[in-house]
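Numbering starts at 1 and runs along the sequence shown. Order of listing sets the numbers, starting from 1, for every ligand and every atom in it. Scope of the values below: all heavy atoms of this structure, side chains included, with no hydrogens, waters or symmetry mates.
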Amino acid sequence: MILVTGATGTTGSIVLRNLAEKGAAARAMARDPGRVPAGFEVVRGDFEDAASLRAAVKGVEAVFLLSSPGGHVATHDLALVDAALGTGVRKIVKVSAIGTGEQGYETTSGWHQPGEEAIRASGLAWTILRPSSFASNALSWAPQIQAGEPLLNHFGTGTNGVVAPRDIAAVAVDALLTDNHDGQVYTLTGPELLSMPEQVAQLAAVIGRPLKVIPGTDDQLRADLLALGADEEFVGFVLKGYEFVRQGGNAVLTGDVERALGRPPGTFKAWAEQNRAAFL
Ligand SMILES: NC(=O)c1ccc[n+]([C@@H]2O[C@H](COP(=O)([O-])OP(=O)(O)OC[C@H]3O[C@@H](n4cnc5c(N)ncnc54)[C@H](OP(=O)(O)O)[C@@H]3O)[C@@H](O)[C@H]2O)c1
């Protein structure tokens with residue numbers, strides 16, 4: 001039995017589906033079980049509720065660990081590791097982030113490093129996945145695109161090795177079902193470095209509509225994030241991270257998807273084609 005946390009989110013929902021397609025026994029953990037599609041075994045679980053985590057790992061051999069982004073990642077990861085120790089769980093596959101522990105990635109390292117370290121020290125088998133920027137982050141442009149408004153570029157010409165969530169999920173599933181990836185740390189990127197305007201140009205070609213990009217300012221971004229309910233600390237993290245990308249800090253490509261899966265990673269264009277409807 002494999003426990004899938006983050007099961008209602010971008011990556012976890014694909015992991016859950018892929019495991020089911022492979023005939024593996026999987027249990028989705030969700031704060032609101034009603035949000036998990038019908039047909040899956042579900043357990044109510046909240047990283048903030050230790051008793052719920054102990055119940056969620058009962059009878060489980062492997063855990064897909066994904067905490068939602070933010071300063072709480074460390075406490076959420078540690079709570080799950082704590083609940084798993086001394087049970088039948090023998091493996092944890094954790095979604096971390098590119099550059100964890102490296103200079104320039106202090107914000108996301110602060111989120112993910114404690115969990116990575118606890119997993120390594122746990123005595124359990126593990127695989128750490130450190131994805132670059134998700135292709136699905138482009139979904140945040142959908143409201144502007146649908147409204148015919150220009151898209152704000154906060155990244156200048158800085159590039160990312162944009163990776164498709166289905167590739168992250170595919171590596172996770174293979175790591176959950178086989179021992180082939182035990183003890184591996186994979187930095188998962190797509191096949192090409194793309195700036196935000198380059199991504200938008202590819203998306204425009206896919207949806208067959210011209211899309212305009214204009215430079216965004218930090219002040220605008222701050223105001224937008226605060227309006228969405230983010231706190232000052234989170235806004236500070238985001239601004240620092242965006243500056244790092246603008247300076248070219250995240251212009252990193254690896255061959256780790258291919259190393260793990262024996263096939264190249266999917267392109268942003270392919271992701272856009274698969275998700276075209278979300279922008280129309
Ligand atoms: N986006 C990127 O470019 C990027 C790049 C590198 C690394 N990452 C890492 O990837 C992760 C995000 O992945 P994602 O986009 O697939 O996630 P996501 O779509 O944001 O989903 C987050 C999941 O966490 C669940 N969740 C939130 N709070 C919870 C709680 N207290 N207890 C239990 N579950 C809770 C949510 O479920 P409910 O709300 O339904 O309960 C949801 O299923 C983060 O750790 C982030 O640092 C992201």
Side-chain angles (χ1 to χ4, degrees), residues 3-18 27-37 40 42-53 55-57 63-80 83 93-102 105-116 119 128-141 154-155 159-172 185-190 194 196 199 228 230 234 237-238 241-242 244-245 250 252 254 256 268 271 275:
L3 181 71
V4 179
T5 68
T8 59
T10 304
T11 317
S13 61
I14 308 174
V15 168
L16 192 62
R17 247 188 355 255
N18 288 2
R27 178 186 297 161
M29 186 180 98
R31 290 183 291 184
D32 173 1
R35 295 197 54 216
V36 176
F40 293 104
V42 190
V43 61
R44 197 201 71 78
D46 187 328
F47 288 121
E48 306 274 339
D49 173 358
S52 76
L53 297 180
V57 298
V63 176
F64 173 72
L65 174 56
L66 182 143
S67 296
S68 64
H72 51 254
V73 168
T75 48
H76 286 185
D77 283 357
L78 296 180
L80 190 285
V93 175
K94 169 176 160 54
V95 174
S96 177
I98 187 168
T100 293
E102 293 173 24
Y105 294 91
E106 284 76 14
T107 299
T108 44
S109 292
W111 299 356
H112 287 288
Q113 209 164 1
E116 285 198 8
I119 289 166
I128 308 262
L129 309 180
R130 293 178 177 168
S132 186
S133 178
F134 289 13
S136 51
N137 294 348
L139 290 171
S140 68
W141 306 332
H154 296 285
F155 297 106
T159 58
N160 296 295
V162 182
V163 63
R166 64 194 292 170
D167 285 337
I168 305 166
V171 179
V185 179
Y186 292 118
T187 294
L188 302 175
T189 73
L194 292 172
M196 187 267 188
Q199 277 185 273
L228 286 171
F234 187 79
F237 285 159
V238 172
Y242 280 30
F244 181 65
V245 173
N250 199 38
V252 174
T254 74
D256 282 7
F268 176 71
W271 176 89
N275 291 276

Identify the protein heavy atom lying closest to atom 22 (C) of ligand 1, giving its residue, its atom name and the separation to 0.1 Å. Ser68 CB, 3.6 Å

Give me the ring orientation class for Trp111 and Phe237: parallel if the planes are under 30° apart, tilted from 30 to 60°, perpendicular past 60°. perpendicular

Is it the case that the side chain of Asn160 and the backbone of Val162 share a donor-acceptor pair, with hydrogens and angles ignored and the cut-off at 3.5 Å? no

Looking at Ala7, which atoms of ligand 1 are within less than 4.0 Å of one of its heavy atoms? 43 (O)

protein heavy-atom neighbour closest to atom 19 (O) of ligand 1 works out as Thr10 N, 2.8 Å

Do Asp77 and Ser67 meet the criterion of a side-chain donor-acceptor pair at a distance under 3.5 Å? yes

Among all protein heavy atoms, pick the one closest to atom 5 (C) of ligand 1 and tell me residue, atom and distance. Ser132 O, 3.3 Å

Classify the contact between His112 and ligand 1 as side chain, backbone, both or neither, using a heavy-atom distance cut-off of under 4.0 Å. side chain

A student checking ligand 1 against Ala97 at a 4.0 Å heavy-atom cut-off should list atoms 6 (C), 7 (C)

Distance from atom 21 (O) of ligand 1 to nearest protein heavy atom, with residue and atom: Gly9 CA, 3.4 Å

At under 4.0 Å between heavy atoms, what of Ser96 touches ligand 1? The answer is backbone

Worked verdict on Leu53 versus Met29 for side-chain contact (heavy atoms from CB on, under 4.5 Å): CA-CA 9 Å; Leu53 297 180; Met29 186 180 98; 3.7 Å; yes

Is the shortest N/O to N/O distance between Asp46 and ligand 1 below 3.5 Å? yes

In ligand 1, the atoms that come under 4.0 Å of a heavy atom of Gly6 are 23 (C), 24 (O), 43 (O)

For atom 41 (O) of ligand 1, what is the closest protein heavy atom, and at what distance to 0.1 Å? Arg31 NE, 2.7 Å

Assign the ring pair Phe47 / His76 to parallel, tilted or perpendicular, where the plane angle (0 to 90°) is split at 30° and 60°. parallel

Can you list the atoms of ligand 1 that are under 4.0 Å from a heavy atom of Thr8? 36 (C), 37 (O), 38 (P), 40 (O), 42 (C), 43 (O)

I want to know if ligand 1 touches Ile98 in the polar sense, i.e. an N/O pair below 3.5 angstrom. no

Tell me the protein heavy atom at minimum distance from atom 1 (N) of ligand 1, and give that distance in Å. Asn137 OD1, 3.0 Å

Among all protein heavy atoms in this structure, tell me which lies nearest to atom 20 (O) of ligand 1, with the distance rounded to 0.1 Å. Pro69 CD, 3.8 Å

Does a salt bridge link Arg130 with Asp256, judged by any charged N lying under 4.0 Å from a carboxylate O? no

Looking at ligand 1, is there an atom of it that comes within less than 4.0 Å of some heavy atom belonging to Asp32? no

Using a 3.5 Å cut-off on N or O atoms only, is Phe47 in polar contact with ligand 1? yes

Under 3.5 Å between any N/O of Phe134 and any N/O of ligand 1: does that happen in this structure? yes

Starting from atom 11 (C) of ligand 1, locate the nearest protein heavy atom and write down its residue, its atom name and how far away it is, to 0.1 Å. Ser67 O, 3.6 Å

Is Arg35 close to ligand 1, meaning an N/O of one under 3.5 Å from an N/O of the other? yes

